Amino acid sequence: MELQRPRGTRDFLFEEMRKRKYVEETLRRVFELYGYQEIKTPLFEDLSLFTLKSGEGIMEQIYHFQDKGGRDLALRPELTAPVARLYLNQLQKSPKPIKMYYFGSCFRYERPQAGRFRQFWQLGCELMGGKSPDAEGEVIALAAHCLEELGLEDFEIHIGNLGIIRGILNQAEVSSKLQDQVMAIIDKGEVEELRNFLEDMGLDDSYKNILLELISLQGHREVLKEVERMVGDNSQAKDALLELTGVLNVLDSVGFSNYIVNLGIARGLDYYSGTVFEIYVHGLGAQKQISGGGTYNLIELFGGEEVESTGFAFGFDRVVEALKEQGTDLPLKKVVEVFVAPISPEVRLKSFQIAGRLRKAGIPTETDLAGKKFKKLLSHANNLKAGYVVLVGPRDLEQGQVTVKDMDSGQQELVDLEDVVDVLTERIRG
RNA sequence: GCCGGGGUGGGGUAGGUGGUUAUCCUACGGGACUGUGGAUCCCGCGACUCGGGUUCGAAUCUCGGCCCCGGCCCCA
């Protein structure tokens, strides 16, 4: 085959698309339940939008190119920066809070593997101008609501706050550059590597032990007491802890308490500042994270007026994959409800007429376009999983009737031509 | 960028230490069967990932590319 798909990309066929659409529509519905409005940004942006503040790591993965005018452009590797850009361009003076959601594909030049592609989809949101911790609590509640609505079980929401560890590091007077490196190691979850790194930078033992203990803490809200003991009178860390407590309070009050406090969450992108969270589903191979987000200060970094911003995104493909893995039966729409089958060539136009009326009545309908023999038409209708077949034949037509056949039960009845639409509407909707 | 496993009709496969027409299932088209589907039978369509090398001869051996699967790095 000489015409191949580019590496790391996929074609989606009918069945797959129906699943994806179901997931997409469900997620959109829930986002809208929380008052989010959809936006769309370009697939490519100025390269600098992404190189500016997203950290070094992402650079190597960016698809970038020059257009014919010599502009340096990049296919977006994520959507938070484009949305922040859009906010700066047009929404700074809009009434707050602003709730936006998006669904679109992103591109990263990476080695494909399970749950990782070069083009992948993100469905997420950004909330600008909400106040921590209420805004963060609601955002996490929204994420949980989405997954519950999809029927996904066994997901874990891990919640942390970067301010706690940053507070300790600041108190220990660690430079911000070094702090970023520490955060990167924490994000990896490599405890030994962290221990060695902290030792190499000559960090005081007491700080080192606190940090190591903090990131290994994981559990329900009772771990907050431990944290409180450890941070002592560090005011930045105390504030962060207060914030974290507030987030959990919101979650408890909306009835979602199945979270895990995890201070080892650091996020890969450098612009996160306070509350952060990640959602995992096991059984997805190496790519178990289906979502991540938190509070960030991208707007200030881009030179805008300070505004609290929180957001998160689902790795859409991974959510779909997790549902498949779990074996969830998605309530997928039928391709067509009704197939209108002309029994012989002279009634073909009559079939079109009937199909036309059914379609105008909102019933997905198919009729023969391939000139198949009657018997094949039934077989074809069966393949399409049509619920009903309208048999249009000269014999019935003489009485002004057609035969409506229920494809599940096999039963059929004669129906007057003018009643066909009503009868089928009743059967399908009723 | 690195490591491992792969690539045979549309889908799933057999063959593989070189040798006629490349196996089977399924799907698809037609027929048996001119008003009744999911059954059966018959016929048909259709493939060795690409390029180089070794050879009288390569799907098979060899080198390289491309792509797929899994893992590392990193991330969604």
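Worth saying up front: this structure is predicted, and the values here are computed from it rather than measured.
- Taking side-chain N and O atoms only, A:Lys372 has a distance below 4.0 Å to OP1 or OP2 of B:G29.
- The residue A:Gln113 sits close to a base: some heavy atom pair falls under 4.0 Å.
- A side-chain N or O of A:Tyr296 and one of A:Glu126 form a donor-acceptor pair less than 3.5 Å apart.
- One atom, CG of A:Leu384, and another, P of B:C28, lie 11 Å apart when rounded to the nearest Å.
- Results of the side chain to side chain contact (heavy atoms under 4.5 Å, CB included) test with A:Leu358 over A:Ile428, A:Thr425, A:Thr367, A:Val340 single out A:Val340 as the only residue that passes.
- Less than 6.0 angstrom separates the ring centroid of A:His220 from the ring centroid of A:Tyr259.
- Residue contacts for A:Gly293: at a heavy-atom cut-off of 4.0 Å it reaches no nucleic acid atom on any strand shown.
- Within 4.0 Å of A:Asp317, counting heavy atoms only, lies no atom of the nucleic acid at all.
- The separation between A:Arg116 atom CZ and B:C2 atom P is 16 Å, rounded to whole Å.
- A:Lys375 has a side-chain polar atom (N or O) that falls below the 4.0 Å cut-off from OP1 or OP2 of B:G37.
- In this pair, A:Phe316 does not lay its aromatic ring on the base of B:A76; centres under 5.5 Å and planes under 30 degrees do not both hold.
- A:Phe107 does not carry A:Arg118 over the face of its six-membered ring by the limits of under 6.0 Å from the centre and within 45° of the normal.
- Against RNA chain B, the stretch residues 399-419 of chain A makes heavy-atom approaches under 4.0 Å through A:Thr403, A:Lys405, A:Met407, A:Gly410, A:Gln412.
- Regarding contacts with the backbone of B:G1, every side-chain N or O of A:Arg111 stays at 4.0 angstrom or more from both OP1 and OP2.
- Out of B:G35, B:C72, B:C68, the shortest distance to the side chain of A:Pro112 is found at B:C68.
- Between the side chains of A:Ser105 and A:Gln119, a donor-acceptor pair is found at a separation under 3.5 Å.
- The side chain of A:Asn383 places an N or O atom within less than 4.0 Å of a non-bridging phosphate oxygen (OP1 or OP2) of B:C28.
- Ring pair A:His145/A:Tyr34: centre-to-centre distance below 6.0 Å.
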